[in-house]
Amino acid sequence: MKILVLNCGSSSFKYQLIDMDGEAVLAKGLVERIGIAGSKIKHTKTGKDPVTREVDFPNHTVAIKYVLEMLTDPEHGVLKDLSELSAAGHRMVHGGEKFTSSVLVTPEVIQAIEEVVHLAPLHNPANLQGVRALMEVLPGIPNVVVFDTAFHQTMPPKAFTYGIPFSYYEEDRVRRYGFHGTSHYYVANRAAEILGRPIEELKTVTCHLGNGSSITAVDGGKSVDTSLGYGTAEGVLMGTRSGSLDPSVMLYLMEKHGDVKTVSDIVHKKSGLQGISGISSDLRDVEEAAEKGDERARLAQEMLIYHVKKYIGSYAAAMGGIDVLVFTAGIGENGISFREDVCRGLEFMGIKIDPEKNKVRGKEAIFSTPDSRVMVMVIPTDEEMVIARDTKKCCEGR
Ligand code: AMP
């Protein structure tokens with residue numbers, strides 16, 4: 001069974017073609033600047049050099065047609081013809097409270113996703129564009145949507161309710177939803193698999209730390225709390241997002257600037273590592289500047305480490321313990337000194353790491369010492385594989 005996985009943004013998308021017999025990635029690529037001058041595609045057939053082409057892509061449908069041509073191209077392709085393609089799986093950022101797992105796309109599902117568009121006004125319409133384009137280009141195959149929020153739907157009300165009048169939840173569905181669910185699900189389950197332990201027995205804290213970041217408490221395989229909330233700025237300091245703020249700060253910013261768009265830009269696009277350091281949203285640049293003595297870069301770096309430490313401690317307290325700590329995504333998978341700094345001082349809760357074993361980038365590793373009570377791990381995330389597996393499962397259940 002061969003599955004096309006699509007992760008669509010408003011002007012770009014990533015794709016992977018996965019053969020579920022052996023779970024092998026046959027090809028992958030990135031299409032950028034859709035609808036903008038200079039649109040291009042980077043396509044890689046596994047084991048071959050990437051091919052980059054500038055092609056005019058006025059919309060997602062034209063771009064997806066081109067991807068299908070690449071996938072069946074005699075030189076760069078991996079399919080004899082499109083009849084080999086069994087299904088498509090799509091990343092969908094927000095499923096509101098309606099979707100607790102992945103589903104086959106039907107007209108009712110599309111309608112239900114449209115009903116929660118206000119919860120992810122930038123992401124869901126873009127994700128839906130991909131679904132619609134694929135349905136238009138390949139009407140014969142089933143489509144499945146996999147939600148970033150679904151894994152967190154197991155959170156109890158005490159974790160997902162905000163302390164404002166309850167009517168805002170009842171009437172407007174204002175609550176914590178959480179994101180990166182596919183990634184947290186994947187790494188928590190992969191950790192249990194690597195350790196050879198049933199996930200039902202484990203209390204795990206998963207740290208998905210990249211440009212956007214979230215930390216999740218996974219108790220017995222279920223998300224019981226997560227640091228991102230109603231939107232995508234709560235929790236730890238991110239590349240350009242603020243992380244948690246006292247509501248009074250938002251009120252002050254609103255009073256000072258007077259409009260929602262300006263304040264939204266401040267907390268989503270001008271804050272975080274970028275806003276504190278004034279140098280970059282990329283931790284590598286911030287670390288380099290801190291190393292050279294830049295004080296604000298040093299402060300940004302220290303804040304991120306401190307925020308992550310606090311979440312690990314609070315989620316261990318929330319679950320009544322911690323057995324596994326997992327780092328993933330750009331910073332989590334590659335930030336060697338960052339991981340060491342986060343774990344330093346957490347020995348009191350059973351976290352003891354081996355700095356030598358920690359010297360890994362982008363590879364699965366256990367870097368706790370043999371006598372550490374908590375297993376500390378790096379696990380590269382693989383959201384595409386979760387999407388492909390869920391797509392297969394949903395199609396088999398048809
Ligand atoms: P992601 O959003 O998952 O692609 O992660 C992107 C972030 O990973 C970048 O902004 C960098 O800050 C971070 N990153 C990548 N490589 C490293 C590294 N070697 N050390 C520290 N941070 C890194």
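The structure presented is a predicted model; accordingly, all values stated were derived computationally and were not measured. Numbering of ligands and ligand atoms starts at 1, following listing order.
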Practice problem: For the residue pair F179 and H94, categorise the inter-ring angle as parallel (less than 30°), tilted (30 to 60°) or perpendicular (more than 60°). | Solution: perpendicular
Exercise. Give the numbers and elements of all ligand 1 atoms closer than 4.0 Å to a heavy atom of N211.
Key: 1 (P), 2 (O), 5 (O), 6 (C)
Quiz prompt | atom 13 (C) of ligand 1: nearest protein contact (heavy atom, Å) | solution = I331 CG1, 3.4 Å
Quiz prompt | Shortest protein heavy-atom distance from atom 23 (C) of ligand 1, along with the residue and atom involved | solution = R284 CG, 3.7 Å
Practice problem: Check the angle between the aromatic planes of F147 and F99 and answer parallel, tilted or perpendicular using the 30° and 60° thresholds. | Solution: parallel
Practice problem: Check whether any protein heavy atom sits under 4.0 Å from atom 4 (O) of ligand 1. | Solution: no
Quiz item: For K309, does the NZ atom have more than 12 heavy-atom neighbours from other residues, nucleotides or ligands under 6.0 Å away?
Solution: yes
Exercise. Could you tell me whether L283 and ligand 1 have an N or O pair separated by under 3.5 Å?
Key: yes
Quiz prompt | Greater than 12 external heavy atoms within 6.0 Å of E170's CD | solution = yes
Quiz item: Do ligand 1 and A329 have nitrogen or oxygen atoms that lie under 3.5 Å from each other?
Solution: no
Quiz item: Is there at least one pair of N or O atoms, one from L209 and one from ligand 1, spaced under 3.5 Å apart?
Solution: no
Quiz prompt | Shortest protein heavy-atom distance from atom 14 (N) of ligand 1, along with the residue and atom involved | solution = G330 O, 3.7 Å
Self-check item: Pair F57 and Y66, ring centroids less than 6.0 Å apart
Solution: yes
Self-check item: Passing candidate, side chain to side chain contact (heavy atoms under 4.5 Å, CB included) with M92, options V116, V131, V144, T182
Solution: V131
Practice problem: Name the orientation class of the two ring planes belonging to H43 and Y15 (parallel below 30°, tilted from 30 to 60°, perpendicular beyond 60°). | Solution: parallel
Quiz item: Is there a heavy atom of R361 sitting under 4.0 angstrom from any atom of ligand 1?
Solution: yes
Exercise. In sequence, state the C-alpha distance, the side-chain angles, and the governing distance for E384 and K28, and then conclude on salt bridge (Lys or Arg N to Asp or Glu O under 4.0 Å).
Key: CA-CA 10 Å; E384 285 78 11; K28 62 180 166 186; over 6 Å; no
Quiz item: Can you tell me the protein heavy atom closest to atom 9 (C) of ligand 1 and the distance?
Solution: D282 OD2, 3.7 Å
Quiz item: Hey, which atoms in ligand 1 end up nearer than 4.0 Å to a heavy atom of G210?
Solution: 1 (P), 2 (O), 3 (O), 5 (O)
